[in-house]
Structures are given as C-alpha cells and as structure tokens.
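Just so it is clear: chains get the letters A, B, ... in the order the sequence lines come, proteins before strands, and each one is counted from 1.
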Amino acid sequence: MIRFTDVKKVYQTGNGPVQALADLNLEVRRGEIFGIIGYSGAGKSTLIRLINLLEKPTEGRIEVEGRALNTLSEKELRLERKKIGMIFQHFNLLWSRTVEENIAFPLELAGLPRKKRKERVAELIRLVGLNGREHTYPSQLSGGQKQRVGIARALASRPQVLLCDEATSALDPKTTDSILNLLVEINRKLGLTIVLITHEMHVIKKICTRVAVLDKGMIVEEGKVEDVFNEPKQLITREFVRQVTQHPSGEIPGEELINAYPDGRLAKFVFGRGVSQQQVISRLFSNQRLSVTIVSGMFEPEENGAQASIIVRAEGDPDVFREWIGSISELGVKAEVIRS
Amino acid sequence: MSQLFPNVDWMSMWTATVETLYMTFVSAVFTFILGIALGLLLFLTASGSLYENKWIYRTVSSIVNVFRSIPFIILIILLIPLTVLIVRTMIGASAALPSIIIGSAPFYARLVEIGLREVDKGVIEAAQAMGATRAQIVWKVLLPESLPSIVSGMTVTLIALISNTAMAGVVGAGGLGTLAYNDGFEAYKNDVTFVATIIILIIVFIIQFAGDLITRKVDKR
Ligand SMILES: Nc1ncnc2c1ncn2[C@@H]1O[C@H](COP(=O)(O)OP(=O)(O)OP(=O)(O)O)[C@@H](O)[C@H]1O
Ligand SMILES: [Mg+2]
C-alpha cells in the first residue's frame, strides 16, 4: 500500500544540512493501523509528510498504491493527494468557516455541486458524531470536537489512506481515547489504511496493528504491536513500553490509587542502589500485627541506576502502621504515606 | 445657528462635504483594490511562499517603502505631472485622486501583507494536502482567513486617507480642506474652520465605528 525504499531526507538550513531521515525502508499494508513512535526530532513528521509529498525526499522512492508520487506532475499529484486524508495535532481548521463548511472544503476544491456536497457533509457529520454542531464555528468547539471536524474533513473525498500527525497530542486522556475509538471505527467500517505518528506508547497499544520505532531518522525496531511489547529489543523501545506498563517513575496518581483501593492504609517506598532489597522486603512483611499486600511495584533496570518503588496496602492498628513505616525508612528508604 | 456660526454658508459647506466624501469614496475603492493586489503580491512572492520570487518581491517591496515614506504634501507636488497626464487638470477633487490613492495604497498593501502572514501555516498546508491549487488557496484560504485584518486595515487606511483629502484641499483639491483653509483660515473666519473640522471628525468617527463593527462581525476566531 505504502512503500518507502531507501528514502533519505536532508533539510538545507542556514547552519548547513540537517539529516532528518536516513536510508529508510518501510511498508504499510492495506487496511492496517500502522504506528510510528519516536521522540521529538526523531523525524516522525518528516516521514509522514513524505507520504503525501508535503515534503520531497532527497533520495529514494515512495510509493502509494504502486504510484511513485515524486515522479508525478503537479496536477497528477493534486489528484493523488485527494486520495490521502490527513489530520493534524493542531487540527488546522479554517476558523472563518463553520463545521459544515470546513467539512465541505475538500469537496468544494474538487468542484462537487452544492447539493451533493450537502448530502456528503450530512453523512460525515453523523459518522463523527457532530450532529447539531453543523453551524458552529471552530472557535466554539472543544479540542476533541475540532479533531472530529478534522477527521470528517479528511474523509470527505473518500481517501484510501489517513495520515495522522500527532492527532491526539493536544487532547486530554479521555478525549484522546474517544478520538482513538473513532479512528478504529472508521478503519473497520471504511477499510481505511491509517498511518499515525505519536510519542505516546498507549496510543500505539490501544489501536495499532504494527509499529515502527523511529530514532534519529532511522527505524530501529519494527513489528506487530504485541511482539514489540512482549519483547522490546532496543533500549529506546523499552523506554516507550515502560510508558504504558508503568506510570512514569513509579508515580501512580494518589487519587487513582485511593479510588482503586477504597479501604486499608496505603504507603509508597522508594529506594536506590545503596539499599538492600532483601532487607526492605523482609521488613515489609515481618510485622505480625499488619496484613500487607503489594499494590504495585516497579524496578528500573540497571542502566538507569536501579531504582525501586513499591506501593503497599496494609491493614492494622494505626500506631503499628506508623512504627512499621519508621522501621522501613531507617533502611534509607524514602517512605510516603498515601493514606493512613 | 446663524448666530453661533455667523460666517458659515451652509450651502457651500454641504457642497464641500459632498466633495470630500466623493474623494474619499473613489480613492478608497482604488486603494482597496490596489492595496489587496499589492499585499497579495508581496505575500505570495516572499521567500518560502507559494509563488516565491526574490526579484518581484524586492522590487515591489522597495516601491511600497519609498511611497510610504514620502510625506503626503510632497507626494502631491511630485505627482503633478502624472495628475495632469491622467485627469488633465491639477486642481479640483478629481485631480487630487491619483496622489491620494498612491499615498494610501502602499500603506494598505503592507497591512494586507501583515494580515496574510498571520494566516496559520498549518491551514495552508492542510489545503495543500487536500489537493488545493494555488489559486484555490488564495481565494478560499488566504483571503477569507485574513478578512478581519483586511477590514480593520482598511479602517485605519481610510482615516489616514481622509486626513490626506483635507491636506490635498489646502492645495486646491476642494472639499472641506479647501473650505477650512481658504474660506476659514485665510479669511479669519474661524467658525468656518471649526465647522469643517467637526464634519471631518464626524466622518472619521462613523468610519471607525462601522469598521470596528464589520471587523467584529467577520472575526470568528
Ligand atoms: N523545514 C525544516 N527545515 C529544516 N529542518 C527541519 C525542517 N523540518 C524538520 N527539520 C529537522 O528535521 C528533524 C526531524 O524533524 P521532525 O519534525 O520530522 O521531527 P518529529 O519527530 O516530528 O518531532 P516532534 O515530535 O517535535 O514533532 C529535526 O532535527 C528538525 O529540526
Ligand atoms: Mg512532529
């Protein structure tokens, strides 16, 4: 469906050339949701913009449906672009147009008559769930609603591919989920191939079938999402995987935890390399008057300085609990009572 | 009324007002068209833009800068030959039009250019990704998205333009400027100058009010 063969992209800047992508090879199959993850500056936007030729490759070949876009004339390219929808981090809607007029924009560009446009727009409004918002201006919409307009607009000319450039990065977690659900829905309903880039692993985990990890302009790991999750090979991939398997640096938001465990006392212990894990664990469980269970535990790997963080739930007398906390912090452990 | 302003001939005051409005209206129309055309040209030929062209940009930009910097009263004198060529006379309301337009259009062109620059690059890119032609980007994206700046810029330009019609009046263009200067100032009839000034102020206020109103109406940001 989409194939990159030995693609290289170099930007010429005032301070000399900047290599954004190096010898990139990639294949996206029809009907899949393909995720590309990488840190800021890895070249993600460059990669996705090469697909619809918003950026020209310095070297190499990029084919969409077997056609190499960079060999087309300007006119042919415009026609091909209509088959590739795109949504953006900052939505890029026309603020001077209503929701309806924004969605009709690509149809207007294609010269569709007014009546046909109206029908198609009504369909799309239903698809993305914006009923009743037709005549609203973008400035009066929430971020999630704006992205729905963006999606409807991108789908208007019935593309075969949808490119998503950090489409959920400006949204809160809940809205992100609803947009991701919508993407899955249109992927199933319309058989649309989706390429999305992100720096958030949970986006990949939630909806992608395959993933490529991009680091400094190169794909360092690629495969089915579950394989990459179960057996991340590169350090950078492990870092991304950790984003979802654990909360960043052992941080479970207090409120979330209190909701998850409505009764019992909660405490968190953090300790580094200098502390004996064995001693800590044995003291955690040696108090006969407390019933202790581990709620969550996290051990950073050696290369990050071996930090451990454990959250436990304890049942028992408040004085015993306090004493027990004290006995553990004696070992050089940072102890924090989440609920006493 | 006649006690308060003993020297004011209301008939000629009315004629002068109409002349001023005529000069304002005609030069506003030309300034608007010329300003938008030049503003677009500047924006589109700037480096990194849709029709990037270093030479056109530099040439137009220099011309605009030169005409924007010349004091209006000197511009009138410099343009006398051109005026005579176009309107075949150097006095009267129509004779003032070329210099008023040439004095205002470059100013407005810069405001239009600035307004166009404020259009979100992402939106232009989105249009390109949808397969828009460059002409479609100009008509369907750039102009509608910068409409508030185009209107508010025109309001500012119009007010400067009216002060120019008054200045042109001093050198014989007619209108309220001529009345205030010849009949008022030179003949020591201060009430005439006073009334002419008030009328000019009223026109300015109306334009400012209407301009703000339209700007607010088209601004959906
Ligand atoms: N138009 C440009 N001109 C010059 N250099 C550029 C341009 N666009 C991107 N780059 C450079 O190319 C590299 C990759 O940029 P790119 O925008 O693709 O990264 P990204 O992975 O999308 O990052 P982010 O997550 O911050 O959006 C960076 O070093 C960037 O500075
Ligand atoms: Mg980016």
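Proximity to chain B is limited to the backbone of A:Leu93, based on heavy atoms less than 4.5 angstrom apart. For chain B, the nearby part of A:Leu54 is the side chain; its heavy atoms alone come within less than 4.5 Å. When heavy atoms are compared at a cutoff of 4.5 Å, B:Val218 approaches chain A solely by way of its backbone atoms N, CA, C and O.
Applying the 6.0 Å contact sphere to CZ of B:Arg221 captures more than 12 heavy atoms from other residues, nucleotides or ligands. For CH2 of B:Trp14, the number of neighbouring non-hydrogen atoms (other residues, nucleotides, ligands) closer than 6.0 Å is 12 at most.
Contact tally against chain B (heavy-atom pairs below 4.5 Å) for A:Ile87, A:Leu163, A:Asn92: the top residue is A:Asn92. Considering only heavy-atom pairs separated by less than 4.5 Å from chain B, the leading option among A:Gln140, A:Lys82, A:Glu80, A:Lys75 is A:Lys82. Chosen from A:Tyr137, A:Phe105, A:Phe91, the residue pairing most often with chain B at heavy-atom distances under 4.5 Å is A:Tyr137. Ranked by heavy-atom pairs under 4.5 Å with chain A, the list B:Thr133, B:Asp120, B:Ile124 is led by B:Thr133. Looking only at heavy-atom pairs under 4.5 Å with chain A, the residue among B:Asp219, B:Val141, B:Val123, B:Leu147 that has the most is B:Val123.
With rounding to the nearest 0.5 Å, the separation of CZ in B:Arg58 from CD1 in B:Ile56 is 13.0 Å.
Side-chain contact of A:Asn70 with A:Arg61: a donor-acceptor pair under 3.5 Å is absent, judged by distance alone. Counted by atom type alone, B:Tyr22 and B:Ser94 present one or more donor-acceptor pairs between their side chains at under 3.5 Å. Side-chain contact annotation: A:Ser96 with B:Glu145, donor-acceptor N/O pair under 3.5 Å present.
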